[in-house]
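Have a look at the structure below, then the notes.
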Amino acid sequence: MGTKQMFFFLCVIMALLCNHQSEAQAPIPNPGDCFSSIKKVKGCVDAVKAATKGDLKGLGKDCCHAINGLVNHCFLILFPGKPYIALRVKHACYVSLQVNNLSDLITCDFSGSVTVLEMRGIVLIRSRLSIFRAPAFNCLRSSNVLLSLSNTSIVRPYLEPPIACVLPLGLCSMFSTSIADSEQVGFTRSNIEKDDESEEEIDIDLSCIVSDEVVSKDVGTIVKLLKDCGSDRKELRNKLEECDVKPSNELVVEILSQARNDWETAFTFFVWAGKQQGYVRSVREYHSMISILGKMRKFDTAWTLIDEMRKFSPSLVNSQTLLIMIRKYCAVHDVGKAINTFHAYKRFKLEMGIDDFQSLLSALCRYKNVSDAEHLIFCNKDTYPFDAKSFNIVLNGWCNVIGSPREAERVWMEMGNVGVKHDVVSYSSMISCYSKGGSLNKVLKLFDRMKKESIEPDRKVYNAVIHALAKASFVSEARNLMKTMEEEKGMEPNVVTYNSLIKPLCKARKTEEAKQVFDEMLEKGLFPTIRTYHAFMRILRTGEEVFELLAKMRKMGCQPTVDTYIMLIRKLCRWRDFDNVLLLWNEMKEKGVGPDLSSYIVMIHGLFLNGKIEEAYGYYKEMKEKGMRPNENVEGMIQSWFSGKQYAEQRVIDSKGEVSGVDKGGIVKKSEREKNFLQQPEVRKVVRGHGYSFWDE
C-alpha cells in the first residue's frame with residue numbers, strides 16, 4: 001500500500017473516532033431498566049463496579065454493546081456522583097467497539113507500512129502526521145506510530161485510560177471531565193495541583209471542541225464581536241441584536257468558555273441567547289454560566305439562575321448544580337454558606353447520600369478548608385458513619401493541599417483510634433506527602449509496611465516513591481523501581497511516572513538526564529503533559545529558550561494553560577524582559593486562556609517591583625473594571641504600593657517649593673508621614689542582578 005493510501009486510511013479512522021454524534025434526548029428511565037440490560041450480560045455488572053474505581057479492563061465486547069444502548073440518564077444512576085467515570089466508560093466502550101470492527105483491516109505493507117503488533121484495551125491509531133497531531137491528542141489517548149529504520153513501522157499501543165479527553169460536542173452531553181479553574185485569592189495559584197497529577201476533580205467543562213463547521217464559523221463571528229466591543233456592554237447588546245447568528249447549545253457553551261474571565265460579557269451574551277427564538281437553554285449552559293458567576297463572586301445572580309432552572313418541568317437543578325455553588329463558596333473560604341448550600345439539597349428535593357457528603361468534604365479540602373472538613377466528619381458521624389473514603393479526603397487535604405506532615409500524621413492516628421482501616425489510598429496520600437517533603441526514610445518505611453500488611457501498592461504509590469528517590473539523588477534506584485513496577489507488577493509507567501522522575505532532575509539542574517527520560521517516554525508512545533513542560537520551563541535562562549519550548553509544546557499538540565503563562569510572565573519580569581512579557585500577555589488574551597485574577601496579580605506585582613508603577617496601576621484598574629477582586633490581604637498590599645507612589649509624587653511636588661514645609665516663624669513642620677512613619681509602607685527601589693535582589697542605596 002502506498003503512502004497516499006495509508007494517509008487516506010488514517011483519515012478514515014480518525015473521522016470514525018472523532019465524529020461520534022450525541023444521543024437523542026430520552027425520557028428518564030426506571031433504575032430497574034438500566035440495571036436489567038447489563039445484568040443480562042455475564043460479568044458486566046462486575047465490570048461496571050470495577051469501572052467506578054477507574055478500572056476499565058473488564059469491559060468486554062458484549063458488555064460494551066449493553067452499555068452503549070443505555071441513555072444518558074442511566075449513567076447517572078449507574079455512576080451516581082461520578083460523571084467523569086460515566087464519560088470514560090461510555091467513551092471507552094465506543095472506541096473499543098470501533099477498534100474491534102477495524103482491527104482486521106489495520107495490517108498493511110510498504111516501505112513505511114504499518115504492522116499491528118497487539119490490540120488490547122483501548123487502542124487507537126495516533127498518527128505522527130502533523131495534520132492529525134492536535135486533533136488526535138485532544139480527542140483521545142491512542143497508540144503511537146513509530147517509524148523505524150527498517151521497512152516496517154510499529155503501532156505501539158498506549159493503554160492509559162482517556163482522562164480529561166476533549167471530545168466532539170456529541171460526546172460532551174451532560175457529563176464532563178475537567179479540572180476546574182482554581183479561583184485565586186492570593187499569589188500562589190497551583191497549591192492545589194502542585195505535583196498531584198493523578199488527582200481529578202469534577203467540574204464544568206468549558207473546553208469542548210466545536211467540531212461542526214457552521215458552529216465554528218459562528219463562534220469566530222461572536223468572538224470577534226466581543227473583542228471589538230470591549231467593555232462597552234450597551235454596544236455589545238446592540239451588536240448582538242444586529243448580528244444574524246442563531247444561538248445553539250454548542251455555540252453558547254463555547255462562547256462562555258471564551259469569555260469565562262469576563263463575567264459581564266459572558267452574562268450579556270447568555271441573556272441575549274436566551275431571548276432568541278428556537279433556542280432553549282440546557283443544563284450545560286446554565287452550569288457554565290453559574291460557574292463563571294460563582295468564580296467572580298456574583299452569588300446572588302448565580303442563585304437567580306438556579307431558581308430559573310427550578311421553574312422548568314421537570315426541574316433542571318441537580319446535585320451537580322449545587323456542587324458548583326459549594327465549590328465556589330469554598331474557593332472564597334465562606335464555609336458557612338457552602339454547608340448551607342449542601343443542606344439546600346432537601347429544598348430542591350435531592351437526596352443527600354454519603355457520596356454527596358464526600359463531595360462537600362472534597363470541595364472544602366480542595367480550597368484549604370481542611371480543618372472544617374475534618375470537623376464535619378465528627379459532627380455528622382450519626383448521619384454519615386465513619387468511612388475510609390471520608391477520612392482519606394481529609395488526609396489528602398493535609399498531605400497534598402496544605403502540605404502539613406504533622407497534621408497528616410494526627411489524622412492517620414485518628415483513623416486507627418476510631419476503627420477505620422488504612423487502605424491503599426491512605427498510604428498513597430502519606431507517601432506522597434513525605435515524598436514532597438523529601439523524607440525518603442519515612443517514604444521507604446511506609447512502603448515496606450504496606451507490603452507487610454498485604455496492601456498492594458498502586459501506580460500512585462510507585463510514582464510517589466520514584467519521586468522521593470529521584471529527589472534524594474537516587475536516580476538509578478528510581479529507574480530500577482520503574483522496571484520492577486513494569487516487569488514484576490505488570491503496571492506500565494504512565495506520564496505521571498515519568499514526570500515524577502523528570503521534575504526532580506530538572507530541579508537538580510540535571511538537564512541531560514531529564515532529556516534522556518523525556519526521550520524514553522516518547523519512545524514508549526507516551527505524550528508529555530503540560531506539567532512535563534513546566535518542569536523544563538523552570539530551568540530556562542533566556543526569552544529565546546522560552547519561546548522555543550512553547551513552539552515545541554504546540555508542535556506536540558500540548559497547548560499552554562493560564563498556569564504556563566503565569567509562570568513565564570513571573571520569570572520574564574524577574575529578567576526585566578518586558579517586551580516578551582507583553583507578547584505573552586497579548587497571546588494569552590488572543591488564545592482565550594486568560595487573563596484571570598492570578599494573571600493580573602502576577603503582572604501587577606512584577607511591574608511594580610521593577611519600578612513600572614504607571615503600567616502596574618493600569619493593569620490594576622483593568623482588573624477592577626472586570627469585577628475581579630483579590631482577598632483583603634492582597635488588596636491591602638496593592639493599595640499600600642500605590643499609596644506609597646502617591647506619597648513619593650507629593651514629596652517631589654513639595655520639594656519644588658521654596659519654603660515648602662516651613663511656617664512663617666521659620667519652624668519646620670513635620671509631615672503627616674513623619675508623624676506616622678511606623679504605619680506607612682516603606683518605599684525603596686529594588687535592583688536585580690545575577691539572580692539576586694538588592695536595595696538600591
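- Between the OG atom of Ser291 and the CZ atom of Arg260 there is a distance of 10.0 Å, given to the nearest 0.5 Å.
- Considering every non-hydrogen atom in both Leu376 and Phe357, the closest pair reads O-CZ, 3.8 Å.
- The line from OG1 of Thr532 to CE of Met537 is 10.5 Å long, rounded to the nearest 0.5 Å.
- Here the closest non-hydrogen pair linking Asp423 and Ala388 is OD2-CB, 4.1 Å.
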Side chains of residues 438-450: which donor-acceptor pairs under 3.5 Å do they make with residues two or more places apart or in other chains?
{"from": "Arg449", "atom 1": "NE", "to": "Tyr427", "atom 2": "OH", "distance (Å)": "3.4"}
{"from": "Arg449", "atom 1": "NE", "to": "Glu453", "atom 2": "OE2", "distance (Å)": "3.2"}

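- Between Phe348 and Tyr345, the ring centre distance reaches or exceeds 6.0 Å.
- Asn369 and His333 share a donor-acceptor pair across their side chains, judged by distance under 3.5 Å alone.
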With a 3.5 Å cut-off and sequence neighbours excluded, list the donor-acceptor pairs that the side chains of residues 472-491 form with protein atoms.
{"from": "Arg479", "atom 1": "NH1", "to": "Glu520", "atom 2": "OE1", "distance (Å)": "2.9"}
{"from": "Asn480", "atom 1": "ND2", "to": "Ser476", "atom 2": "O", "distance (Å)": "3.3"}
{"from": "Thr484", "atom 1": "OG1", "to": "Asn480", "atom 2": "O", "distance (Å)": "3.0"}
{"from": "Glu486", "atom 1": "OE1", "to": "Lys524", "atom 2": "NZ", "distance (Å)": "3.4"}
{"from": "Glu486", "atom 1": "OE2", "to": "Lys524", "atom 2": "NZ", "distance (Å)": "3.3"}
{"from": "Lys489", "atom 1": "NZ", "to": "Glu456", "atom 2": "OE2", "distance (Å)": "3.4"}

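- You'll find the side chain of His343 reaches within 4.5 Å of the side chain of Met352, heavy atoms only.
- Per the SG-SG cut-off, Cys399 and Cys433 are not bridged by a disulfide [distance not under 2.5 Å].
- Checking side-chain atoms of Lys471 against main-chain N and O of Lys436 turns up a donor-acceptor pair under 3.5 Å.
- Taking all atoms of both residues into account, the shortest heavy-atom contact from Ala363 to Ile326 is CB-CG2, 3.9 Å.
- Asn463 contributes atom CG, which lies 9.0 Å from atom CG of Asn499 (distance to the nearest 0.5 angstrom).
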From CA spacing to verdict: side-chain hydrogen bond (donor to acceptor under 3.5 Å, both in side chains), Glu374, Trp398: CA-CA 10 Å; Glu374 185 179 347; Trp398 287 121; 3.2 Å; yes
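- Under the side chain to side chain contact (heavy atoms under 4.5 Å, CB included) criterion, Arg509 pairs with Ile539, Arg541, not counting sequence neighbours.
- Closest of all the heavy-atom pairs between Ile402 and Lys368 is CD1-CB, 3.8 Å.
- Contact record, Ser390 with Ile377: O-CD1, 3.5 Å, taken as the closest heavy-atom pair.
- With rounding to the nearest 0.5 Å, the separation of CD1 in Ile502 from NE2 in His467 is 11.5 Å.
- No donor-acceptor pair under 3.5 Å is formed between the side chain of Asn380 and the backbone N or O of Thr383.
- Residues Phe518 and Tyr498 keep their aromatic ring centres 6.0 Å or farther apart.
- Under the 3.5 Å distance criterion, with hydrogens and angles disregarded, a donor-acceptor pair is assigned to the side chains of Asn318 and Thr321.
- Distance check, rounded to the nearest 0.5 Å: OH of Tyr329 to NZ of Lys337 gives 5.0 Å.
- A donor-acceptor pair under 3.5 Å is absent between the side-chain atoms of Ser428 and the main chain of Val424, judged by distance alone.
- Shown here for Leu395 and Ser426, the closest heavy-atom pair between the two residues is CD2-O, 3.7 Å.
- The distance from atom CZ of Arg366 to atom CG of Asn400, rounded to the nearest 0.5 Å, is 14.0 Å.
- For Arg406, the CZ atom counts as loosely surrounded, since its 6.0 Å shell holds 12 or fewer non-hydrogen atoms of other residues, nucleotides or ligands.
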